[in-house]
Amino acid sequence: MIRLHDTALGRVADVELRDAGKVSMYVCGPTVDGLPHVGHGRMALVWDVLRRYLEWGGLDVRFVSNITDIDDKIIARANAEGRSATDVAVQYEEAWYDSMKALGVKRPTVDPHATAYVDQMVELIAGLVAAGKAYTTSDGVYLSVDAVPGYGLLARQSLDSLRSGARVDVVEEKRSPLDFALWKAAKPGEPAWDAPWGAGRPGWHTECVVMSLDLLGEGFDLHGGGIDLAFPHHENERAQSVAAGHDFTRHWAHNGHVQMAGEKMSKSLGNFRTLTDLLAEVDPRAYRLVVLQSHYRAPVEVTGATLDAATRALAGLDGFGRRVADLPSVAADAAAVERFRAAMDDDLDTPRAMAELWGVVKAANTARDAGDPAGAAAFAAAAREIAGAVGLSLGAGSDEIPADIAALVAARDAARAGRDFAGADGLRDRLEALGWVVEDTPGGTRARRQ
RNA sequence: GGCGGCGUGGCCGAGUGGUUUAGGCAAGGGCCUGCAAAGCCCUGUACAGGAGUUCGAUUCUCCUCGCCGCCUCCA
């Protein structure tokens, strides 16, 4: 079984499944208050890769990822644009899934919406109030962190050091600066649900607790998300579930951030680039490759240069895919697949896994050049196996050739056949000017887009 | 102020106490080709600086410098 870094333990640990052969995982999804940014894309890709890899390994994965469709920023946008919060949420959820589709990120098994779980959230909060672990104030309901054993587990800090470092605004009625809102009382004009403490809306942290436990059950296997969520979001999820007597996730995993010029990219810093824009400019697979070529916990710089390098690398893989398309389909080279598996099982070491991919690509090319099609086929099968396991398709198909391009190619072939090389080179220049590359292969001339 | 991370060859980016190399992109040389393209082969004296532990450190310890993150909404 795979080993992953566990944020609660601060080290890599075996992922021990609750039920043999089945994986229950929850990943915090987006708040749909705007277009997704590049960082969201990395998050989605990292967990998609993990999910696909586990499925490839024969596990039955139940992947739950939520949509936060009620939140302060959604309300702010709705008010600013003079429309309903629901309207805003629906629009940006659609944008989210459009981007996910382009990236090749599989749809979650279930994608719960916060607004559909308000009743259960109210129930959870009521239980915490009744148990004396949460208290009401004039603006909502707060959880008392002093009532939670081990608060600070995910922050990896003691309650005291968290308290001394707190920069939270002092709210007079809060018993501790670290206490956080379970319920926010509605201000005039805000969307609101009824509750024993007055109309309002649930706090962000509560939804994930209710939805993950409802859809995955007590003690589910894995809870993931961006590293920025470790504290306070996940800390507070854990705090609530522990306070309410639940057995929460068995394993916490977090992905590192995307950096822009060495800085974290985030909405609040305003230095973000939307995923929508990025995907309009580059092959979405290139972004997947950038993500795969960095370790999921390390920060990664997403720039024109890194995307460009990945695009070129992808072109090489696509060329390989085309070249081996005619090889017989045979069993994948077992040793190569095992090396891939070892890399992936070692805390999802995708950079090493990708190195294995290029290793088999090279091995297949070498075998083929050496006149060993059987060996080439086994390595090519391994390459497809590995690429498929991480959600990367190797462009096996050829480009559609428009008639005018085909005519130029045919004219060049005729010129070459007549040993009119000057004419042939002129035609190749014209093709290149039109964005096409010609390759003379033993099997005939091949044209492809640049 | 508290907690944590990082600094690897032109760029991106893994990894390891020592015999043989991560890998990708870029670059140079060769093979192949009418010439190319694609592919294959070869090449580059990389581990921030200092001290220490060790037979031996890029890999462990300490210090210095630089960068970054979390402690507030945030993937």
Side-chain angles (χ1 to χ4, degrees), chain A residues 10 27-31 33 36-47 71-73 76 152 154-158 160-169 178 204 224-233 235 254-259 262-269 272 275 289-290 292-295 297-303 305-317 319-320 322-323 343 346 349-359 361-362 364-370 416 419-422 424-425 428-429 432 437-441 445-448 450:
Chain A
V27 173
C28 284
T31 297
D33 64 338
H37 58 61
V38 178
H40 288 114
R42 183 190 195 191
M43 178 277 289
L45 284 167
V46 162
W47 304 113
D71 152 276
D72 292 5
K73 280 180 295 193
L154 290 168
R156 301 196 60 69
Q157 289 197 58
S158 70
D160 279 349
S161 86
L162 278 170
R163 196 175 276 130
S164 67
R167 296 182 301 181
V168 191
D169 291 341
L178 296 170
W204 178 39
I227 186 60
D228 52 340
L229 298 188
F231 190 93
H233 183 53
E235 186 78 55
H254 294 95
N255 64 276
H257 283 136
V258 164
Q259 296 195 341
E263 259 191 340
K264 169 187 169 182
M265 180 182 72
S266 72
K267 292 184 190 177
S268 56
L269 289 173
F272 72 96
L275 186 57
L289 191 53
V290 166
L292 285 167
Q293 286 191 284
S294 65
H295 185 85
R297 287 192 284 122
V300 67
E301 191 83 27
V302 178
T303 62
T306 58
L307 287 167
D308 192 49
T311 301
R312 288 163 190 270
L314 207 49
L317 290 176
F320 173 78
R322 285 190 297 272
R323 227 174 302 115
D346 182 13
D349 192 347
T350 55
R352 222 167 89 209
M354 290 300 96
E356 294 299 342
L357 174 60
W358 272 288
V361 165
K362 179 170 280 198
N365 280 326
T366 303
R368 177 165 243 227
D369 282 4
R416 289 185 70 223
R419 303 196 65 77
D420 170 17
F421 296 123
D425 290 351
R428 181 167 60 203
D429 290 344
E432 282 177 358
V437 179
V438 286
E439 293 177 14
D440 301 328
T441 74
T445 306
R446 173 182 288 139
R448 63 179 167 85
Q450 264 173 351

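In what follows, chains are A, B, ... by sequence order, proteins preceding strands, each numbered from 1.
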B:A38 to B:G5 separation - C1' atoms, rounded to the nearest Å = 42 Å
For B:G66 versus B:A57, give the span between their P atoms, rounded off to a whole number of Å.
-> 27 Å
A:Arg446 with A:Asp440: basic N within carboxylate O range, under 4.0 Å = no
A:Arg297 side-chain N/O to A:Ile227 backbone N/O, donor-acceptor pair under 3.5 Å | no
Passes side-chain contact (heavy atoms from CB on, under 4.5 Å), A:Leu357 versus A:Leu317? Steps please.
-> CA-CA 9 Å; A:Leu357 174 60; A:Leu317 290 176; 4.1 Å; yes
When rounded to whole Å, the CG to C1' distance for the pair A:Leu162 and B:G1 reads 13 Å
Span that lies between the P atom of B:C47 and that of B:U8, in whole angstrom = 10 Å
Determine the contact category for A:Gly359: base if any of its heavy atoms lies under 4.0 Å from a base atom, sugar-phosphate if only primed atoms, P, OP1 or OP2 are that close, otherwise nothing.
-> nothing
Inspect the contact between A:Asp420 and A:Arg416 and indicate whether a charged nitrogen and a carboxylate oxygen are less than 4.0 angstrom apart.
-> no
Give the C-alpha distance, both sets of side-chain angles, the deciding distance and a yes or no for side-chain contact (heavy atoms from CB on, under 4.5 Å) between A:Met43 and A:Cys28.
-> CA-CA 9 Å; A:Met43 178 277 289; A:Cys28 284; over 6 Å; no
Show your working on side-chain contact (heavy atoms from CB on, under 4.5 Å) between A:His295 and A:Arg352 and close with a plain yes or no.
-> CA-CA 9 Å; A:His295 185 85; A:Arg352 222 167 89 209; over 6 Å; no
In whole angstrom, give me the gap between the C1' atoms of B:G17 and B:C60.
-> 8 Å
If we take the P atom in both B:U20 and B:C42, what is their distance in whole Å?
-> 16 Å
Which letter, B, S or -, goes with each nucleotide of nucleotides 30-43 of chain B from 5' to 3', with contact meaning a protein heavy atom under 4.0 Å?
-> ----BBBBSSSS--
Could I get the full list of side chain to side chain donor-acceptor pair (under 3.5 Å) partners for A:Glu432, not counting sequence neighbours?
-> none
State the pairing partner of B:G56; accept Watson-Crick or G-U wobble contacts with both distances under 3.5 Å, and report none otherwise.
-> none
Closest to side chain of A:Asp349, choosing from B:G2, B:A14, B:C71 | B:A14
When rounded to whole Å, the CG to P distance for the pair A:Asp33 and B:A75 reads 8 Å
Out of B:A75, B:G24, B:A22, whichever nucleotide has its closest atom nearest the side chain of A:Pro351 | B:A22
With rounding to whole Å, what would you report as the distance between B:G7 and B:A26 at their P atoms?
-> 25 Å
A:Leu275/A:His37 under side-chain contact (heavy atoms from CB on, under 4.5 Å): CA gap, chis, key distance, verdict = CA-CA 4 Å; A:Leu275 186 57; A:His37 58 61; 5.7 Å; no
Both distances under 3.5 Å, Watson-Crick or G-U wobble: report the partner of B:A48, or none.
-> B:U64
Using the P atom in both, what is the distance from B:C65 to B:C12, to the nearest Å?
-> 25 Å
A:Trp358 CH2 - B:G23 C1' separation (whole Å) = 7 Å
Rounded distance in Å between the C1' positions of B:G44 and B:G29 = 12 Å
B:G39 pairs with, by Watson-Crick or G-U criteria that keep both distances under 3.5 Å = B:C31
Rounded to the nearest angstrom, tell me the gap between atom CG in A:Leu229 and atom P in B:A75.
-> 6 Å
Under 4.0 angstrom, heavy atoms only, what part of the nucleic acid is A:Ala298 near: base, sugar-phosphate, or nothing?
-> sugar-phosphate
For B:G1, what is the paired nucleotide under Watson-Crick or G-U wobble rules, both distances under 3.5 Å?
-> B:C71
Whole-Å distance separating the CE atom of A:Met354 from the C1' atom of B:C12 = 15 Å
Between A:Ala155 and A:Asp308, which has a closest nucleotide on RNA chain B that is more 5'?
-> A:Ala155
Looking at every strand, decide which applies to A:Ala313 at a 4.0 Å heavy-atom threshold: base, sugar-phosphate, or nothing.
-> sugar-phosphate
Measure from CG on A:Leu289 to C1' on B:C12 and round the result to the nearest Å.
-> 11 Å
In whole angstroms, how far is the C1' atom of B:A14 from the CG atom of A:Asp346?
-> 11 Å
With both distances under 3.5 Å as the test, what is the Watson-Crick or G-U wobble partner of B:U16?
-> none
What is the nucleic acid contact for A:Arg156, judged by heavy atoms within less than 4.0 Å: base, sugar-phosphate only, or nothing?
-> sugar-phosphate
Once you round it to whole Å, what is the distance between P of B:A14 and CZ of A:Arg297?
-> 11 Å
Would you name the heavy atoms of A:Thr350 and A:Ser294 that are closest together and state the gap between them?
-> OG1-O, 3.3 Å
Identified pairing partner of B:C25, criterion: Watson-Crick or G-U wobble below 3.5 Å | B:G10
